[in-house]
2 protein chains.
Amino acid sequence: MAVERRTSRDIRSESRLDVMHALLSAEEATRNDLARATGLSPATVATVVGDLLSEGIVTESRLSAGRVGRPTTSLRINADRGRVVGIDVAETYVRAIVFDAALREVAGVETPRDEHESSPEYVVEGIGRTFEAALDRAGVGAEDVLGVGVALPGIVQRASGVVVVVPHWSWHSVELDSLRDRIGVPLVLDNPLKAIATAELWFGTGRESDSMVTVNLGTGVGAGIVLEGRILRGATNAAGEWGHSLLAIDGRRCRCGRQGCVEAYVGAPGIQQTLREVAPEHPLCDLEMQQEFIQALAAASAADTPDPAVEETLAITARYLGSALADLVAVVNPERVTLTGWTTWALGDRLLPLTRARLDEEAPGESAAGLRLEISTVRSNSVATGVAMIALERFLGDVGLVTTRVPIAL
Amino acid sequence: MAVERRTSRDIRSESRLDVMHALLSAEEATRNDLARATGLSPATVATVVGDLLSEGIVTESRLSAGRVGRPTTSLRINADRGRVVGIDVAETYVRAIVFDAALREVAGVETPRDEHESSPEYVVEGIGRTFEAALDRAGVGAEDVLGVGVALPGIVQRASGVVVVVPHWSWHSVELDSLRDRIGVPLVLDNPLKAIATAELWFGTGRESDSMVTVNLGTGVGAGIVLEGRILRGATNAAGEWGHSLLAIDGRRCRCGRQGCVEAYVGAPGIQQTLREVAPEHPLCDLEMQQEFIQALAAASAADTPDPAVEETLAITARYLGSALADLVAVVNPERVTLTGWTTWALGDRLLPLTRARLDEEAPGESAAGLRLEISTVRSNSVATGVAMIALERFLGDVGLVTTRVPIAL
DNA sequence: ACCTATTTTTCTGGGGGTTAGGTTTACCCG
DNA sequence: CGGGTAAACCTAACCCCCAGAAAAATAGGT
């Protein structure tokens, strides 16, 4: 049954990840700080830090704090250990961001994508070009790159080999071996939602909870589930596909081809559709660009004279969202739900109270009572950040510091 | 962040549980068999078995296998170590089953419950009486009882203390401390779906997969989720409440008070409702007892002359079920889904192909491709068996053999 | 200059865990 | 009565974690 046994080595691996986690959160910390933050004993932290020091992952910087006693040696991630690149492949753009090893942005490049061109060759070429441009702008060579992470707007699955499914590109099971050749450095592929959840786990609310759900609201919607500090990936890395859960059987047609998905109601086009149903003649119905529409909606809602159609649209959307979240909360029962994505940035504050109320009504038993529902504080580039973090984790695995392998890697 | 750290002791604990798991599955096995089954080295199995032997949990029985070589000493669970009781509190009955320590049934008692009487006092009294009657019939005294598990038809939550929520009994947050006093032996409370999933994990398809979902179809419907060999409990033990996920917003009124829940469509009353919508005059619409109705539906479907209304009802139900399962599969992405419950026993064979087809259509990407959808082989008393197993796990914790505490215990 | 108090960090021993590989054990069989 | 053989058992090596003692590195008093 259990092919992969846990051994005591895995404990050390987890300790190392925990220390890294605490150190990335704190930017700078002493061994004692880390012991407090991780719950490990100072002795264990010392040996773990020793490992990380000898691999050059962290550096010491002695600064006497002026107080009495032995001065503290503080530790920080060795940002110059190398560079990590996160690439966010979206429908209309490819964005590559170069991070230092402490996951701080060094440089970024965004290139547009032709939404109607989706051949694997075109996509691979676009990724490759953007990657090289970003390296160029950051002034680093490929030899400095510890790893590259690429988030593709679909499902990255591991069945027999790594396979990418992107319905609206008509990618049913595309293998991207050519991408590895093009990039030429260690590569991980994943789904943007898992990237966002990873970013949230390392740099956002995940620093406080280790059981949470990250919900992204944009053109599409989706969730990343974190249980016990680890992303839930499921049997084939497809877990968390909540955006295409059913909200209304035989309901609105979704762009995924099915009907009644959550996304068709709380994705940006879905919200516009709701407005059309509320007020078919409303001027905002005609806005072509989704982000523009959402911005206009937010502006209208913040205006002095309330627009009843807008208010009703928001109320209905919050109701849809609350109900859909209630299902997710009922199944996973997390400690917290964190909302992200550009719809959240624009409308989150407006939607939150109503969504919360609906969620409290709909979630079974007491599961919503202690639940924290909030807006993420990780704003910019969370997809690129998260997928770069996954790549960094993979690098830690490659140098032997961590045994928990990132499952999806070309 | 992590209050509970993993230590090497937990590894031993897991190893012990794995050995128990293998031994319960196999009934009888040699140390070598166990090493193969668990993936542990023979040496480790030997020490683990030593622990279990010295606690009297397993016994040796030497039987020379007639082959050449040192004869094998085979091991089995020491059934006489004590008794474990599982109590299934349902809406219309309370069933208490006494098991030996190898989880084989020794005796059982079922007493009816007044469906309309739901005061905690009445419920506690009913459980207590049934427990005592079962002990009596089994001819064992309370001193032989290692533990008792009680499954209550609601949500058993851990917030501040243990709290039971049973909507249709109007139990919003009932504390059952009186039950402990009444029973007088170590007690665990849990939800029937988690009990069923536990039974499935130890005695059913869970012996092959450690990532699975158990779906129960009866009057109510619900799911138990198993990830990495452990029941997903979530922050407050409320995870897995899939029966009240939304299938159709503003849809059929559900007995939980909300609208459009999965249960309102694929629970037994929901299926009858579907038949009423298909053929309002159909004679089966008038059957009062749900189980009788489901049986009649199964009989009509197996008859030589097909009944178009019945066939259509089944097709629609399979479609509802497939869609609802697709949501669950999309979020959790398990290796297998196992169906249980009396509706499954009656109609499972009929529903399976159509449900499977719908699931394949609706599940995103490839997540349904490798998925195994099947009918459970654990038939009788799976709730009592599962909750007894949970009680046995708790006992193993109490004697110090297992550190993973059962979270819900009075 | 020397000692003392103080705080951080390292060292050491004890308690666990897993495994590979060699020994012992207990049979069958010629 | 000695092989042959497979199961069960030691043993040593290596890995974890942690508590508590010891060392290190300062500031400040004498």
Side-chain angles (χ1 to χ4, degrees), chain A residues 2-19 23 26 28-54 58-75 400-404, chain B residues 2-19 23 26 28-54 58-75 400-404:
Chain A
V3 186
E4 13 171 335
R5 291 234 117 251
R6 307 185 67 70
T7 140
S8 53
R9 235 188 226 86
D10 295 317
I11 295 179
R12 174 54 60 97
S13 159
E14 273 174 45
S15 301
R16 279 194 274 245
L17 264 185
D18 285 349
V19 167
L23 200 48
E28 181 159 14
T30 70
R31 288 170 174 77
N32 266 344
D33 295 340
L34 293 175
R36 262 188 302 279
T38 59
L40 292 162
S41 73
T44 302
V45 170
T47 56
V48 165
V49 166
D51 296 342
L52 297 173
L53 277 171
S54 68
V58 308
T59 48
E60 284 187 316
S61 65
R62 170 151 319 182
L63 73 167
S64 159
R67 289 171 309 171
V68 73
R70 175 173 175 166
T72 68
T73 358
S74 62
L75 303 159
L401 289 174
V402 163
T403 57
T404 45
Chain B
V3 185
E4 11 168 338
R5 293 234 118 251
R6 305 186 66 71
T7 141
S8 52
R9 232 188 229 87
D10 296 317
I11 294 179
R12 171 56 60 98
S13 159
E14 273 173 45
S15 301
R16 280 195 275 245
L17 264 185
D18 285 349
V19 167
L23 200 46
E28 180 158 14
T30 70
R31 288 170 173 79
N32 265 344
D33 295 341
L34 293 175
R36 260 189 303 278
T38 58
L40 292 163
S41 73
T44 302
V45 170
T47 56
V48 165
V49 165
D51 297 341
L52 297 173
L53 277 171
S54 68
V58 308
T59 49
E60 286 187 317
S61 65
R62 170 150 319 181
L63 76 167
S64 156
R67 291 170 307 169
V68 72
R70 176 172 174 166
T72 67
T73 10
S74 62
L75 304 159
L401 289 174
V402 163
T403 57
T404 44

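Note on naming: letters A, B, ... go to the chains in the order of the sequence lines (proteins, then strands), and numbering restarts at 1 for each one.
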What is the distance, to the nearest angstrom, from the CG atom on Asp10(B) to the C1' atom on dG15(C)? 14 Å
Is a side-chain N or O of Asp33(B) found less than 3.5 angstrom from the main chain of Thr30(B), in a donor-acceptor match? yes
What is the distance, rounded to the nearest whole Å, between atom CZ of Arg31(B) and atom C1' of dA26(C)? 14 Å
Atom CG of Leu34(B) to atom C1' of dT19(C): distance rounded to whole Å? 17 Å
Among all residues two or more places apart in sequence or in another chain, which pass the side-chain contact (heavy atoms from CB on, under 4.5 Å) test with Ala35(B)? Pro42(B), Val45(B)
With no hydrogens and no angle check, do the side chains of Glu28(B) and Ser74(B) hold a donor and an acceptor under 3.5 Å apart? yes
Asp33(B) has an atom CG; how far is it from atom C1' of dA7(D), in whole Å? 11 Å
side-chain hydrogen bond (donor to acceptor under 3.5 Å, both in side chains) partners for Ser41(B), two or more places apart: Thr44(B)
Restricting to side-chain hydrogen bond (donor to acceptor under 3.5 Å, both in side chains), what partner residues turn up for Thr59(A), sequence neighbours left out? none
Could you please spell out the steps behind the side-chain contact (heavy atoms from CB on, under 4.5 Å) verdict for Ile11(B) and Ile11(A)? CA-CA 9 Å; Ile11(B) 294 179; Ile11(A) 295 179; 3.6 Å; yes
Are any of Thr73(B)'s side-chain N or O atoms less than 4.0 Å away from OP1 or OP2 of dA7(D)? no
Salt bridge (Lys or Arg N to Asp or Glu O under 4.0 Å) with Asp51(A): which residues, sequence neighbours excluded? Arg12(A), Arg16(A)
In degrees, rounded to 10°, what is the bend between the two ends of the helix from dA1(C)-dT30(D) to dG30(C)-dC1(D), using five pairs at each? 40°
Quick one: which protein N/O atoms are closer than 3.5 Å to N/O atoms of nucleotides 14-20 of chain D? Pair and distance per line, please.
from	atom 1	to	atom 2	distance (Å)
dC17(D)	OP1	Ser15(A)	OG	2.7
dC17(D)	OP2	Arg12(A)	NE	2.8
dC17(D)	OP2	Arg12(A)	NH2	2.5
dC18(D)	OP2	Ser41(A)	N	3.2
dC18(D)	OP2	Ser41(A)	OG	3.4
dC18(D)	OP2	Thr44(A)	OG1	2.8

Got Val48(A) and Thr38(A) here, is their nearest side-chain heavy-atom distance under 4.5 Å? no
